[in-house]
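Notes follow once the structure below has been shown.
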There are 2 protein chains.
Amino acid sequence: MTYENQLQKLRNYYRRNNDLPTYDEMRELFQYKSKSTAFYAINKLITAGFLKRKGHKIIPGKNFLGMPYFQSVKAGFPGPAEEEANDRMSLDQYLIEKPNSTMLIKVKGDSMINVGINDGDIVIVERTANANPGQIIVVNLEGEFTVKTLRKTGRKFFLDAENPEYPSLPLDGYASHSLVGVVKGVVRKY
Amino acid sequence: MTYENQLQKLRNYYRRNNDLPTYDEMRELFQYKSKSTAFYAINKLITAGFLKRKGHKIIPGKNFLGMPYFQSVKAGFPGPAEEEANDRMSLDQYLIEKPNSTMLIKVKGDSMINVGINDGDIVIVERTANANPGQIIVVNLEGEFTVKTLRKTGRKFFLDAENPEYPSLPLDGYASHSLVGVVKGVVRKY
DNA sequence: TATTAATTAGAACAAATGTTCTATATAATT
DNA sequence: AATTATATAGAACATTTGTTCTAATTAATA
């Protein structure tokens, strides 16, 4: 069984269990007859940087989790080999910087369509006490989460939709505690 | 140390190590003097569904990973207690259905701005052999990944930008193997 | 206050697990 | 073909780790 094949089996196992197998489970997974063989196979994956040791345990290493990530456009015509990304990225890690104060909210309506936030998208919201003009924020207006851009004209604050069909709402009357948080990201699934 | 406090420490540990601590590490983490105390504490988290057993090991359970997720808008005015989501969601799991054939590509340019794909966004691409008209796809045009909508007019295929300033490209001359895959999602970070 | 329940500690145990060692088979190289 | 290197097997070992048991402490309830 090849190198990449073992790696893929480990990744699939990890996705199912959110944990790596024991050497005995690896023996079965890789179809070896001895778990020491699995031990030596894992050593190579550790050397290659896909896994690492933590005490007596094996945990994911640098290039184990996430998906192949192509950041920059290539110059020249790439052969199929060049299409192999060496970088991997997890969307959770990329998008969520403060996991202990982050929440996800599904967006309803097309009031933010001009900044690329569509109906059904999910926004990544970081709970904060304050927000600055220009930021896209989530406010709790009469029990509903609402996504708007915070703007300041003169000394008045407004909640602006990013869609000319929607009105601009002055923030008077809404207590400051209606702020839920600041939008740090958006995701959409087709 | 409270329930939620322990859970948060475990989540933070898991984010750092992509693995759960041993009972002895938990004893330290929870500031107990005996690891059997940690054992009993974990039993409660297992009963509550945050963790589960797999053989002799403990692995994340249903509501351990991911972020609080607010799917539906609430009716009526919610108190602060109602803002606690019981559902959690991982963005990786939500967006990536076929991890073994998925790649991430950073988008350059604003040619797809009318469907909410902006410059700097990252698209989730599922590698496929074929694509259907109407789908947003990634093609390899002379060594560059390009995001376009596949359209069919009569019996001719076109690569359409979603921005009136860009031309529609007939697919003649591009071999079918230039297809990289179908766009299954988009993410953006502010 | 008295009594019960729940939490924590500490020691001890058993089983699973990681790891090493030796030997054999397979593949690669000279 | 001979030799070296690599991969696999199997047994044995040491330790870690999960788990249980008993006892003491603290909190909750009657």
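Chain A is the first sequence line, chain B the second, and so forth, proteins listed ahead of strands; every chain is numbered from 1.
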Can you find a donor-acceptor pair, distance only, under 3.5 Å between K57(A) side chain and dG18(C) base? no
Rounded to whole angstrom units, what separation is found between the [atom1] atom of [X] and the [atom2] atom of [N]?
X	N	atom1	atom2	value
Y23(B)	dA15(C)	OH	P	17 Å
K33(A)	dT26(C)	NZ	P	10 Å
E28(A)	dA9(D)	CD	P	14 Å
F39(A)	dC21(C)	CZ	C1'	12 Å
N43(B)	dT7(C)	CG	C1'	13 Å
I58(B)	dA16(C)	CD1	C1'	14 Å
M26(B)	dT8(C)	CE	P	15 Å
D24(B)	dT15(D)	CG	P	16 Å

Taking for Y40(A) and for S36(B) the nucleotide of DNA chain C with the nearest heavy atom, the one nearer the 5' end belongs to S36(B)
- Message: At 4.0 Å (heavy atoms only), tell me whether T22(A) reaches a base, stays on the sugar-phosphate, or touches nothing.
- Response: sugar-phosphate
Across the strands shown, which category fits R53(A) at heavy-atom distances under 4.0 angstrom: base, sugar-phosphate, nothing? sugar-phosphate
What's the closest nucleotide to the [X] side chain, out of [options]?
X	options	answer
K35(A)	dT8(C), dA12(D), dT8(D)	dA12(D)
K44(A)	dG10(D), dG10(C), dA7(D)	dA7(D)
Y32(A)	dT8(D), dT17(C), dA9(C)	dT8(D)
H56(A)	dA9(C), dG10(D), dT17(D)	dT17(D)

* Asked: Are M112(A) and N118(A) close enough, and set up right, to give a side chain to side chain contact (heavy atoms under 4.5 Å, CB included), and what steps lead you there?
  -> CA-CA 7 Å; M112(A) 298 297 278; N118(A) 297 0; over 6 Å; no
Does a salt bridge link D160(B) with R151(B), judged by any charged N lying under 4.0 Å from a carboxylate O? yes
| task | Tell me whether the OP1 or OP2 atom of dT7(C) has a side-chain N or O from T37(B) closer than 4.0 Å. | result | no
Item to check | Cation over ring face, K62(B) and F50(B), 6.0 Å, 45° | outcome: no
Cation-pi check, R88(A) onto F64(A) ring (under 6.0 Å, within 45° of axis): no
Within the distance-only criterion (no hydrogens, no angle test), does the side chain of T153(B) pair as donor or acceptor with the backbone N or O of K156(B) below 3.5 angstrom?
no
